[in-house]
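This structure is a prediction, so every number in the text was calculated from the model and none was measured. Position 1 is the first residue of the sequence, and the numbers go up from there.
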Amino acid sequence: MKKQYVTDLKVGIPVDSCFVVARKEVKKKKNGEDFCSVTLQDKTGKIEAVIWTDVFKDIDSFSEGDFVLVKGDISEYKGGKQLIINSIGRIEDEKEIEYSDFIRTIKKDVGKMMSE
């Protein structure tokens with residue numbers, strides 16, 4: 001079960017939870033070094049994240065669509081929140097994944113909606 005959801009993430013609170021990788025893109029810093037821009041998501045929303053050069057060695061351990069365990073810190077960036085990833089790794093054992101943590105659901109009574 002997830003420890004933290006995207007809506008729980010606040011500046012100053014360490015992150016230690018699993019997410020699904022919605023987007024992964026290698027980019028260049030102004031000095032020419034590579035970094036990775038990642039969008040992580042769960043059932044509550046998405047958050048932009050970044051993997052800087054010193055953590056970059058783990059970049060090939062996951063792909064878009066993978067479930068990953070992420071540790072990092074939330075910072076403020078351009079008026080929003082950004083997750084600075086300190087470590088990231090693909091979750092290999094599907095038994096550790098509770099899929100309902102990643103699928104948005106409706107709060108209304110589905111049976112009632114279907115009858116209407």
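When all heavy atoms of Ile88 and Ser61 are compared, the pair lying nearest together is O-OG, 4.0 Å. When all heavy atoms of Lys24 and Val21 are compared, the pair lying nearest together is CB-CG1, 4.2 Å. Summarising the geometry of Asn86 relative to Gly72, their closest heavy-atom pair is ND2-CA, 3.4 Å, with the distance given to 0.1 Å.
Note that CD1 of Ile47 and OH of Tyr5 are 15.5 Å apart. Values are rounded to the nearest 0.5 Å. Residue Leu83 holds its CG atom at 7.0 Å from CG of Leu9, rounded to the nearest 0.5 Å. Between Leu69 atom CG and Ser17 atom OG the span is 7.5 Å, to the nearest 0.5 Å.
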May I have the list of side-chain donor-acceptor pairs in residues 31-43 shorter than 3.5 Å, sequence neighbours left out?
{"residue": "Asn31", "atom": "OD1", "partner": "Glu33", "partner atom": "N", "Å": "2.9"}
{"residue": "Glu33", "atom": "OE1", "partner": "Lys29", "partner atom": "NZ", "Å": "3.1"}
{"residue": "Glu33", "atom": "OE1", "partner": "Thr53", "partner atom": "OG1", "Å": "3.3"}
{"residue": "Asp34", "atom": "OD1", "partner": "Lys28", "partner atom": "NZ", "Å": "2.8"}
{"residue": "Ser37", "atom": "OG", "partner": "Arg23", "partner atom": "NH1", "Å": "3.4"}
{"residue": "Ser37", "atom": "OG", "partner": "Arg23", "partner atom": "NH2", "Å": "2.9"}
{"residue": "Thr39", "atom": "OG1", "partner": "Arg23", "partner atom": "NE", "Å": "3.0"}
{"residue": "Thr39", "atom": "OG1", "partner": "Arg23", "partner atom": "NH2", "Å": "3.2"}
{"residue": "Thr39", "atom": "OG1", "partner": "Glu48", "partner atom": "OE1", "Å": "3.0"}
{"residue": "Thr39", "atom": "OG1", "partner": "Glu48", "partner atom": "OE2", "Å": "3.0"}
{"residue": "Asp42", "atom": "OD1", "partner": "Thr44", "partner atom": "N", "Å": "2.7"}
{"residue": "Asp42", "atom": "OD1", "partner": "Thr44", "partner atom": "OG1", "Å": "2.6"}
{"residue": "Asp42", "atom": "OD1", "partner": "Gly45", "partner atom": "N", "Å": "3.4"}
{"residue": "Asp42", "atom": "OD2", "partner": "Lys2", "partner atom": "NZ", "Å": "3.4"}
{"residue": "Asp42", "atom": "OD2", "partner": "Val6", "partner atom": "N", "Å": "2.8"}

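In this structure, Ser63 has no side chain to side chain donor-acceptor pair (under 3.5 Å) partners at least two apart in sequence or on a different chain. Remark: Ile97 pairs with Phe67, Ile91, Tyr99, Phe102 by the side-chain contact (heavy atoms from CB on, under 4.5 Å) rule, at least two apart or across chains.
A continuous path of Ile, Leu, Val, Met, Phe, Trp and Tyr side chains, each step under 4.5 Å between heavy atoms, connects Phe62 with Val26, placing both in one hydrophobic cluster. One hydrophobic cluster, built from ILVMFWY side chains closer than 4.5 Å, cannot hold both Tyr77 and Val70; they sit in different ones. Under a hydrophobic-cluster definition in which Ile, Leu, Val, Met, Phe, Trp and Tyr are linked whenever side-chain heavy atoms come within less than 4.5 Å, directly or via other members, Ile51 and Ile74 are assigned to the same cluster.
Sequence neighbours left out, the pairs with a member in residues 61-81 that pass salt bridge (charged side-chain N to carboxylate O under 4.0 Å, His left out) are Asp66-Arg90.
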